[in-house]
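Report on the following structure.
Reminder, nothing fancy here: chain letters follow the sequence lines and each chain counts from 1. Everything quoted here is computed from the prediction, not taken from an experiment.
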2 protein chains.
Amino acid sequence: MNSLVEENYLKAIFLLSNSEGEVSVNELSKHLDIKMPTVTSMVKKLSEKQLVNYQKYKPVKLTIKGKGEAAQIIRKHRLTEMFLVEVMGFGWEEVHDIAEQIEHVNSPLFFSKMDEILEYPNYDPHGSPIPDSDGNIPGKQYRQLSQYKAGDTVTFMAVAKSSDAFLKYLNSKELSLETKLTILEVEPFDGTMKVSYENRPSETLSKVVCDKLLVI
Amino acid sequence: MNSLVEENYLKAIFLLSNSEGEVSVNELSKHLDIKMPTVTSMVKKLSEKQLVNYQKYKPVKLTIKGKGEAAQIIRKHRLTEMFLVEVMGFGWEEVHDIAEQIEHVNSPLFFSKMDEILEYPNYDPHGSPIPDSDGNIPGKQYRQLSQYKAGDTVTFMAVAKSSDAFLKYLNSKELSLETKLTILEVEPFDGTMKVSYENRPSETLSKVVCDKLLVI
DNA sequence: TTTATTTGTTAGATTAATCTAACTTAGTAT
DNA sequence: ATACTAAGTTAGATTAATCTAACAAATAAA
Ligand SMILES: [Mn+2]
Ligand SMILES: [Mn+2]
Ligand SMILES: [Mn+2]
Ligand SMILES: [Mn+2]
């Protein structure tokens, strides 16, 4: 039904939408690395197809239909990442680019088989929620590690804005999901934290890192 | 490097080539379900890229380079089919269309991981050979069941021109690879065979079916 | 409230892959 | 040998997705 290109736009709109569900043409352009005029014309096309609401000079918003189709692609992406890690033995830093391609495979059976083999997972290897087949997302709200204070003990649940480089950094610190962290001290000047976990008595994490660690 | 479309042309040229390694524009057109003028222009493009040799009004032939790239795509296709059957539990009649899409995934690591998990298979679920990473094909030459005579005992090794419908027919007859078949009689008029195998004392197979069963 | 900057749109060009219609070449049959 | 048919090519149009250049609107700064 939708082309691979359209699917990537829908997914980007979904993932970049703010709390009101809106995203600007400019932001889409930056994240997709596609020039603004191209984005404008594509958004018009999606609007024709009733997948987004669009008015000149206003930010874009997915329709119910558009949100559902975006969720399906995100579901396929995250199921794939989980499959690559759990069944095929990839590291969590290796799977995104492969999933970016396989998410466009047209075969409901293929993804339902993955789902079955994985025993219906709710989260992907980076802790992001996997929408169910109706597009509903199991909504746990995590907070950034950087919002906590010295003495707090939290559990690392998900990675925000995960890049391969950041995931490799976490590997090097042996920091994986479900790890319990105790905050030893917070440097007020720049937000750098000293934390302890597992058999690591004291690790120093920059503010940039603490912002990307989602905990509960 | 090559587009998905170019990859499908290369694969078709490889698979449809005759013993001299040649295939006509007309045949490509029929099998790809793309009109002849389109095929002509695409073949010209592949010729520009040194992937085929082409002269006006002559059949097309892959260059060494083109043959290598075609073999890689076929390798990815067949590895994928094997993975879908052996690891994910699909039936051999369900995997072709999925593999047709996944064969275009750009990730050497993904396919080498499949290869490793499958312990470096040489044949796909339909008995077709999987080219190795250098594009060499393990060349066993099977013959059609229809070429044998009454009294012969053979082993079913591969399916020629397998369609989903034909594979489902084989399922219904409980006829799978490696099965030993004894030819009871051959009807001279139309080539229909009576055969026995496993716990099936006598099954009748039409000439059309016997042509598609490759045995040794 | 002007002015400058950022954001967004319009217009027109480009590339890949397809098509139809018209014409040509090659091969087959009378 | 001539005519017919099948196969192949050329020319020109179409659609999807992209771009650059130029202009317009909205927002932020002075
Ligand atoms: Mn991802
Ligand atoms: Mn994608
Ligand atoms: Mn196949
Ligand atoms: Mn394909």
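Ranking D:dA17, D:dA21, C:dC19 by closeness to the A:Lys45 side chain, first place goes to D:dA17. Side chain of B:Ile34, nearest nucleotide from D:dT18, C:dC19, D:dA17: C:dC19.
Between A:Ser41 and B:Pro37, the residue anchored closer to the 5' end of DNA chain D is B:Pro37, taking for each the nucleotide with the nearest heavy atom.
Atom pair B:Leu32:CG and C:dC19:C1' shows a separation of 15 Å (rounding to whole Å applied). If you take CE of B:Met42 and C1' of C:dT15, they are 12 Å apart, rounded to a whole angstrom.
A parallel orientation is assigned to the rings of B:Trp92 and B:His126, their planes being inclined by less than 30° (bins at 30° and 60°).
Look at B:Thr38 and you'll find a side-chain N or O under 4.0 angstrom from OP1 or OP2 of C:dC19. Regarding contacts with the backbone of C:dT10, a side-chain N or O of A:Lys44 is found under 4.0 angstrom from either OP1 or OP2. In this model, the phosphate group of D:dT18 is approached by a side-chain N or O of A:Tyr9 to a distance below 4.0 Å at OP1 or OP2. Side-chain N/O atoms of A:Ser3 include none lying less than 4.0 angstrom from OP1 or OP2 on D:dA16.
Ionic pairing of A:Lys168 and A:Asp164 is not present here: no N-O contact between side-chain nitrogen and carboxylate oxygen is shorter than 4.0 angstrom. By the 4.0 Å N-to-carboxylate-O rule, A:Asp132 lies too far from A:Arg75 to be salt-bridged with it.
A:Tyr148 carries A:Arg143 over the face of its six-membered ring, with the cationic atom under 6.0 Å from the centre and within 45° of the normal. Taking the centre and axis of the six-membered ring of A:Phe166, the NZ or CZ atom of A:Lys161 falls outside the cone set by 45° and 6.0 Å.
Across all strands shown, A:Ser29 has no heavy atoms under 4.0 Å from either base or sugar-phosphate atoms.
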Listing time: all N or O pairs from protein to nucleotides 2-8 of chain C that are below 3.5 Å?
from	atom 1	to	atom 2	distance (Å)
C:dG8	OP2	A:Asn26	N	2.6

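For B:Lys67, the NZ atom is loosely surrounded, since the number of other residues' heavy atoms within 6.0 Å does not exceed 12.
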